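Notes follow the structure.
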Amino acid sequence: MLSILYVLIGLVLLVVGGEFLVRSSVALSFRLKLSKMVIGLTVVSFATSAPELLVSIQAALDGLSDISLGNVVGSNIANIGLVLGITAIIGPLAIDRDFYKFNWPVMVLLSFALFVLLGNDGVLSQLEGLALFLSLLLYLFLLIRRSRKFSDTMLEEVDDSLQKTSNFKIFVWLVIGGCALYFGSELLVNGAETIALKMGVSEGVIAVTLIAVGTSVPELAASVIAALKQEKAISLGNLIGSNIFNIASVLGITAMIQPIAVKDESLMNVNIYWMLSFAMILLPLAFIPKRMIIGRPKGVFIFAAYCIFIALVFMK
């Protein structure tokens with residue numbers, strides 16, 4: 001029971017820490033005179049990936065690299081299967097052209113790059129981590145350049161009211177966010193390890209399911225709220241951006257600190273194929289049968305596929 005409580009407290013702390021980190025980062029960015037567009041594309045994305053990052057680093061340093069990898073692979077599956085599926089069931093999502101011309105190819109490319117790097121020798125080395133991180137910087141550079149051309153499209157997620165935040169408040173938020181993320185990741189990783197031992201499953205299984213869903217909660221909440229408010233421009237861009245960040249920044253930075261080894265066979269034999277499949281299926285779904293809309297039937301299909309994935313993970 002205690003370990004479940006640890007996991008729950010850990011998840012709450014990660015959500016709270018992530019929220020404070022986003023607010024302080026955005027307020028700080030306004031202080032540094034960054035444009036709203038740059039803040040939305042980079043600062044917010046980095047800050048919302050902070051829970052995954054801290055959990056992965058914590059796990060890698062504790063020698064639990066299955067949790068680092070399972071967390072990211074599971075989060076990427078959950079972002080599409082769970083978050084996108086549920087969001088589309090609530091209300092249809094319009095897909096913009098940028099999706100298949102830029103964001104989707106980058107996500108698929110990075111997903112396959114991860115597959116090749118891990119399949120090669122079963123280890124994500126420091127050099128490979130650096131390569132992933134550099135690819136993220138290149139992606140952000142191109143993203144900002146592209147957005148300058150279509151600058152009016154994507155500024156909803158940056159809160160204007162944070163422009164007037166005092167330095168003291170920014171500092172306090174940063175401290176709260178940092179501490180909550182640190183202790184949250186500590187509790188989550190320790191709790192997950194204990195649950196895995198008690199249930200007789202691998203840490204990888206817990207990471208791909210419980211931890212992955214937990215660290216995807218902020219994306220789920222944001223997407224569902226936006227869908228209920230019927231803000232059409234949501235989620236697909238956010239979710240794909242989140243998947244790109246998970247691979248390139250979370251695994252990239254974690255591997256630079258501590259090389260990540262594949263210990264759980266099922267990660268490379270099963271789970272990573274699910275991740276690739278969920279990434280690939282988005283393109284045909286974008287065009288068939290109704291073009292550029294992901295509506296309820298497609299949402300039900302994606303969500304059902306996610307439920308099958310979770311069931312199979314535990315049946316193994």
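In this text the structure is predicted, and so the values were computed from the model without any measurement.
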Original post:
Are Val300 and Ile293 connected, step by step, through hydrophobic side chains (Ile, Leu, Val, Met, Phe, Trp, Tyr) whose heavy atoms are closer than 4.5 Å?
Top reply: no

Original post:
Are Tyr6 and Ile4 connected in the hydrophobic side-chain network, where two residues link if heavy atoms are under 4.5 Å apart?
Top reply: no

**OP:** Decide if atom CG of Leu142 counts as having more than 12 heavy atoms of other residues, nucleotides or ligands within a radius under 6.0 Å.
**Re:** yes

Subject >> Within 6.0 angstrom of Glu265 CD, more than 12 heavy atoms from elsewhere >> reply: no

Subject >> Rounded distance (nearest 0.5 Å) linking atom SG of Cys179 with atom CG of Leu13 >> reply: 10.0 Å

**OP:** Would you confirm whether Ser68, through its side chain, and Ser56, through its main-chain N or O, come within 3.5 Å as a donor-acceptor pair?
**Re:** yes

Original post:
Under 3.5 Å, is there a donor-acceptor pair between the side chain of Trp104 and the main chain of Ala279?
Top reply: yes

**OP:** Any chance you could measure Phe314, atom CZ, to Thr209, atom OG1, to the nearest 0.5 Å?
**Re:** 3.5 Å

Original post:
What distance do Leu54 atom CG and Glu186 atom CD have between them, rounded to the nearest 0.5 Å?
Top reply: 10.5 Å

**OP:** Indicate if Phe115 and Ile80 have the same hydrophobic cluster label, given that clusters are the connected sets of ILVMFWY residues with side-chain heavy-atom separations under 4.5 angstrom.
**Re:** yes

Original post:
What do you reckon, are the aromatic ring centroids of Phe278 and Phe309 less than 6.0 Å apart?
Top reply: no

**OP:** Locate the shortest heavy-atom distance separating Ala192 from Ile211; write the atom from each residue and the value.
**Re:** CB-CD1, 3.5 Å

Subject >> Close side-chain approach of Met275 to Leu114, heavy-atom, < 4.5 Å >> reply: yes

Subject >> Phe168 atom CZ, neighbour heavy-atom count above 12 within 6.0 Å >> reply: no

Original post:
Does any N or O in the side chain of Thr165 come within less than 3.5 Å of the main-chain N or O of Ile170, such that one atom is a donor and the other an acceptor?
Top reply: no

Subject >> Phe245 ring center within less than 6.0 Å of Tyr139 ring center >> reply: no

Original post:
Just by modelled atom types, is the Ala212 backbone N or O under 3.5 Å from a matching donor or acceptor in the Thr215 side chain?
Top reply: yes

**OP:** Answer yes or no: is there a side-chain heavy-atom contact under 4.5 Å between Leu210 and Leu11?
**Re:** no

Original post:
Any side-chain heavy atom of Asn190 within less than 4.5 Å of one from Asp62?
Top reply: yes

**OP:** Compare all side-chain heavy atoms of Leu312 with those of Trp274 and state whether any distance is below 4.5 angstrom.
**Re:** yes

**OP:** Taking all heavy atoms of Ile244 and all of Asn103, pick out the closest pair and write down the distance.
**Re:** CD1-O, 3.7 Å

**OP:** Compare every heavy atom of Ala255 with every heavy atom of Gly129, then report the nearest pair and how far apart it is.
**Re:** CA-CB, 3.8 Å

Original post:
Under 3.5 Å, is there a donor-acceptor pair linking the side chains of Asn76 and Ser111?
Top reply: no

Subject >> Leu110 to Leu132 - nearest heavy-atom pair and separation >> reply: CD2-CD2, 4.0 Å

Subject >> Contact check, side chains of Lys164 and Phe30, non-hydrogen atoms, under 4.5 Å >> reply: no

**OP:** Could you check Leu69 against Leu118 for side-chain contact (heavy atoms from CB on, under 4.5 Å), going step by step and ending with a plain yes or no?
**Re:** CA-CA 10 Å; Leu69 283 171; Leu118 290 175; 3.9 Å; yes

**OP:** Could you tell me whether the side chain of Ser65 reaches within less than 4.5 Å of the side chain of Val262, counting heavy atoms only?
**Re:** no

Subject >> Greater than 12 external heavy atoms within 6.0 Å of Tyr100's OH >> reply: yes

**OP:** Would you please test Tyr306 and Val213 for side-chain contact (heavy atoms from CB on, under 4.5 Å) and show each step?
**Re:** CA-CA 11 Å; Tyr306 183 72; Val213 171; 3.2 Å; yes

**OP:** Kindly compute the distance separating CD1 (Ile57) from CD1 (Ile257), expressed to the nearest 0.5 Å.
**Re:** 3.5 Å

Original post:
For the atom pair CG (Leu14) and CG (Leu187), what is the distance rounded to the nearest 0.5 Å?
Top reply: 9.0 Å

Subject >> Test side-chain contact (heavy atoms from CB on, under 4.5 Å) applied to Ile302 and Ile281, step by step >> reply: CA-CA 9 Å; Ile302 302 171; Ile281 195 78; 5.5 Å; no

Subject >> Donor-acceptor contact present, side-chain Arg296 to main-chain Ile90, <3.5 Å >> reply: yes

**OP:** Taking all heavy atoms of Val83 and all of Ser216, pick out the closest pair and write down the distance.
**Re:** CG2-O, 4.2 Å

Original post:
For the atom pair CG (Leu285) and CD1 (Ile95), what is the distance rounded to the nearest 0.5 Å?
Top reply: 8.0 Å

Original post:
For the residue pair Ser24 and Trp173, what are the closest heavy atoms and their distance?
Top reply: CB-CB, 3.6 Å

Subject >> Donor-acceptor contact below 3.5 Å, side chain Asp264 vs main chain Asp66 >> reply: no

**OP:** Look only at the side chain of Asn71 and the backbone of Ile67, and say whether a donor-acceptor pair between them is shorter than 3.5 Å.
**Re:** no

Subject >> Main-chain N/O of Leu282 paired with Lys298 side-chain donor or acceptor, under 3.5 Å >> reply: no

**OP:** Give a yes or no on whether the backbone of Leu251 and the side-chain of Thr254 come within a donor-acceptor separation of less than 3.5 Å.
**Re:** no

Original post:
Same cluster or not: are Phe287 and Leu84 linked, directly or through other Ile, Leu, Val, Met, Phe, Trp or Tyr residues, by side-chain heavy atoms under 4.5 angstrom apart?
Top reply: yes

Subject >> Hydrophobic cluster membership, Ile9 vs Val15, 4.5 Å side-chain cutoff >> reply: no

Subject >> Asp121 side chain vs Val123 backbone, donor-acceptor pair below 3.5 Å >> reply: yes

Subject >> Within 6.0 Å of CZ in Phe171, more than 12 heavy atoms from elsewhere >> reply: no

**OP:** Check the pair Ile195 / Met199 against side-chain contact (heavy atoms from CB on, under 4.5 Å), numbers first and verdict last.
**Re:** CA-CA 6 Å; Ile195 289 173; Met199 286 178 66; 3.6 Å; yes

